[in-house]
Every structure is written in C-alpha cells, then in structure tokens.
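Data first, discussion second: the structure below is written as structure tokens.
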Number of protein chains: 2
Amino acid sequence: MALRYAILGLLSAEPMSGYDLAKWMDRGLGNIWSAHASQIYPELARMVEAGVIVEVPGDTGPRRRRVYGISDDGAADLREWLTTATLDPGGRNEALLRSVLLGRLDPRSAALSFTTEAERHRERATLHEALRDEAGTKGSPLEPLRLAFDCGARIEHALAEWAQAAADELRPPRRRSRS
Amino acid sequence: MALRYAILGLLSAEPMSGYDLAKWMDRGLGNIWSAHASQIYPELARMVEAGVIVEVPGDTGPRRRRVYGISDDGAADLREWLTTATLDPGGRNEALLRSVLLGRLDPRSAALSFTTEAERHRERATLHEALRDEAGTKGSPLEPLRLAFDCGARIEHALAEWAQAAADELRPPRRRSRS
DNA sequence: AGATGCATGTAAATAGTTACATGATTCA
DNA sequence: TGAATCATGTAACTATTTACATGCATCT
C-alpha cells in the first residue's frame, strides 16, 4: 500500500495528473519512492474506486489530461497511516547492497570502487542540497518535498563519508611516497 | 537479480544453508537487502541450475540441512556485477516515505511524530554501532558484514539528525516558557 | 513533415509477500 | 510431552518492471 500513500501524499499538496505524479516519482521523491507510469495509472483507477481520490473535472486540459485530487476519506486514510501504521524494517537498496559487497573484491579494486562511490555520493549530495535550497524558497512548487531533499542530502553525505572511510581503510596512505 | 548477488556475496564469505542466508537477511544485511525464506529457497534452486553455486555434500548435518557454496562461475558473476553493472537510482524506502509525508500533518502532530522518529533512529544507530564493533573484533562470524553495519550506523545517525531538525523547526523553543 | 514531449493506458513477465505444510531436534 | 527452534519447501497473491500501443500538441 506504500504507493497509494505516496500518491495521496503528493495529491494532498496539490491536485495532479498521473503524468505529473510519475514525474514527481522520477525526480525528487524518486530517492524515497519511485514508480513507473504503468504502475501509477492502474493504481489511480483503484483509488478512485476506493473513494480516496476524485477526478477534478474542470482541469481537463487540451491533451486528454485527467487531474485527481485527494478526498476527505483519502486524507483520513493518509493521516491514519502516518500516525498508526507500523512498518517492517526490511530495507531493499540495491546501490547499498553493491557498495557493501564491494569489500569482497581484492583490496586494490575495492579501494578504487569505494573512491568512485564516494565521489558519486558527493555529487548526489550536492544535487540534493541545490534542490532543497530551491524548495526552501517561498512559493516554490517543490516546497512540499523540501524535507525529502534535505533527507536525501544528509543520507548522501553520510554515504560519501562511509565510502571514503572504507577506501582510506583499504588503501592507507603510503609513507614517504613519491607524490 | 539483486537477491542473487546478495546471496552470492554472503556465500563468498562462507558456505551456508538457505536457513542461514535467511537469518543473515533478517539480522545484519536486513537493512540493505532482506528476503523471506520462501523467496530464498526457490532462488537457490535456480542458482544451482545456473551453476553459480554448488551444494556442498559433506556438510549435511543432522536435520536435512543443505549447504551451498559459491562456484568459480558465481564468483566471476559477482565480480562482474560489482565492477560493471549500472544501477537505477530509484529507491523504495517505506519508512522514509512515511517520515517525509509526516510534514503533511498539522504542525503539532508532525513535530511529535518527528521527535518519535528521531528517537527510533538514535536507537537503531546504537544497535548498529554495537554490531559494527562486534564485527570489528578479530575472528567474529559477523566480520563480512562490518561495512554494512558501519553503513547502517551512519545512515541512522543522519536520519536521527534529520528528524530532530525537522521537529525543532516545526516546534521552535518558546521564549520565556515556564519550563 | 518529422522530432520531441505530453498523456494515458494494456499485457506479459519478474520479484516479493503471506499463508500454509511438513518434519526433525533440542530443551524444559 | 509440549514448546521452541531448525530446516525446507509450495501455492496464491500482490507489487513492480518492461515492452508495447496510441494519439495529440508544439516546435523546427
């Protein structure tokens, strides 16, 4: 049901189309919850049937665009999930899995891989900081995701430091080296 | 294919049974990749068929226990995945999704929820630190997961700080309060 | 006129969860 | 002997991905 609540959360900020939702999943929320358009559209249909969202008729633009808004039932649902649901702690992060298994390689290859990883995370951290700052300016359309970007930036920072520490540990600085 | 590589990674440290693998997913690796026993057993069968693991016959203990080890093909597979595979950055973290949507609640409820979240993350950070330190002692069976625990500890620290910052922002300290 | 982006969907395949079935061993 | 843990699996269900189909609008 997580996809449903991700959608409800986005729609609680502003009515949107399936296409808009897919874009939010792609950018921004993507680090936290991502979904393809082909998963979003059927879910929207089920949500209408369940009464947690409604199609907003006035906003049907030039292209056959269908905009949805959250209903009172949906808002109540979301609130209940946020306050009472217990989550299983089982994570599933492919990038992290790979990073952790990098230690299985020979020390030289592993050190190199960790250095690359650290660089990648630093870049992502910078990106998220920029988004967070943009979201922090008054009236930005990204505003509802400011916390998500801040969260992403902090996690990427932590991962960059972790990967760098792993690299340093595997390849300790040689004393009296020519460099 | 991520489950396959998680299994290969664990088996590259030491031959194990499906039951052992399930336990590693539960504890330790669970924050990074988790899987139920009912998913692991069929995957092991497929992996034997693919030749990336082999059943170690000598080790079949009292209960009908089947122990698997990584094959040369499996090791090559793992190495290739670690060094060449490109990953999609799409994440899926239900706990984080909920945390981020917490901002949708009224400020008072949200602040309370963030404080609870921060406490939860602090606890998990402490747990991971303990595991990391245990894994860091020579000869510990947890040794292959030391990096995973360190990673988990760092992420939990970052999340605790994030949640605390969010809580503080929502409920700024009242000046001249009675406390 | 052709490329690109907007926009919504369906169908088939893979991945993951939940519920259940089975039986052995160890410990109180 | 009864409960807990070890140990392996199957079946049904839900979630997610990938590939495809369709068509309109805008820009070059």
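Every chain is numbered from 1 and lettered A, B, ... according to where its sequence line falls, protein lines coming before strand lines.
We find that CE of Met25(A) is positioned 13 Å from C1' of dA15(D), with the value rounded to whole Å. Between the C1' atom of dC6(D) and the CG atom of Leu21(B) lies a distance of 15 Å, rounded to the nearest Å. Remark: C1' of dT18(D) and CD1 of Ile40(A) are 15 Å apart, rounded to the nearest angstrom. Following rounding to the nearest Å, His36(B) (NE2) and dA21(C) (C1') show an atom-to-atom distance of 18 Å. Met1(B) has its CE atom 15 Å from the P atom of dT17(D), to the nearest Å. Remark: P of dT14(D) and CE of Met47(A) are 17 Å apart, rounded to the nearest angstrom. To the nearest angstrom, P of dT16(D) lies 10 Å from CD1 of Ile7(A).
To the nearest 0.5 Å, the span separating CG on Asp150(B) from CG on Leu131(B) amounts to 11.5 Å.
Put simply, Arg46(A) has no side-chain N or O that comes within less than 4.0 Å of OP1 or OP2 on dT14(D). At dG9(D), one or more side-chain N or O atoms of Arg66(B) fall inside 4.0 Å of OP1 or OP2 (strictly under the cut-off). Side-chain N/O atoms of Gln39(A) include none lying less than 4.0 angstrom from OP1 or OP2 on dA15(D). The shortest distance between the side-chain N/O atoms of Arg4(B) and the OP1/OP2 oxygens of dT14(C) is not below 4.0 Å. In this model, the phosphate group of dT8(C) is not approached by any side-chain N or O of Tyr19(A) to a distance below 4.0 Å at OP1 or OP2.
If you check distances only, the side chain of Ser38(A) never reaches the base of dT16(D) with a donor-acceptor pair under 3.5 Å.
Nearest to the side chain of Arg65(A), among dA7(C), dG16(C), dG9(C), sits dA7(C). Taking only side-chain atoms of Leu3(A), from C-beta outward, the nucleotide of dT17(C), dA7(D), dT16(D) with the closest atom is dT16(D).
In this structure, Asp106(B) places its CG atom where more than 12 heavy-atom neighbours from other residues, nucleotides or ligands lie under 6.0 Å away.
Classification of the Phe114(B)-Trp162(B) ring pair by plane angle, with boundaries at 30° and 60°, yields perpendicular.
Here the closest heavy-atom approach between residue Met25(A) and residue Trp33(A) is recorded as SD-O, 3.4 Å.
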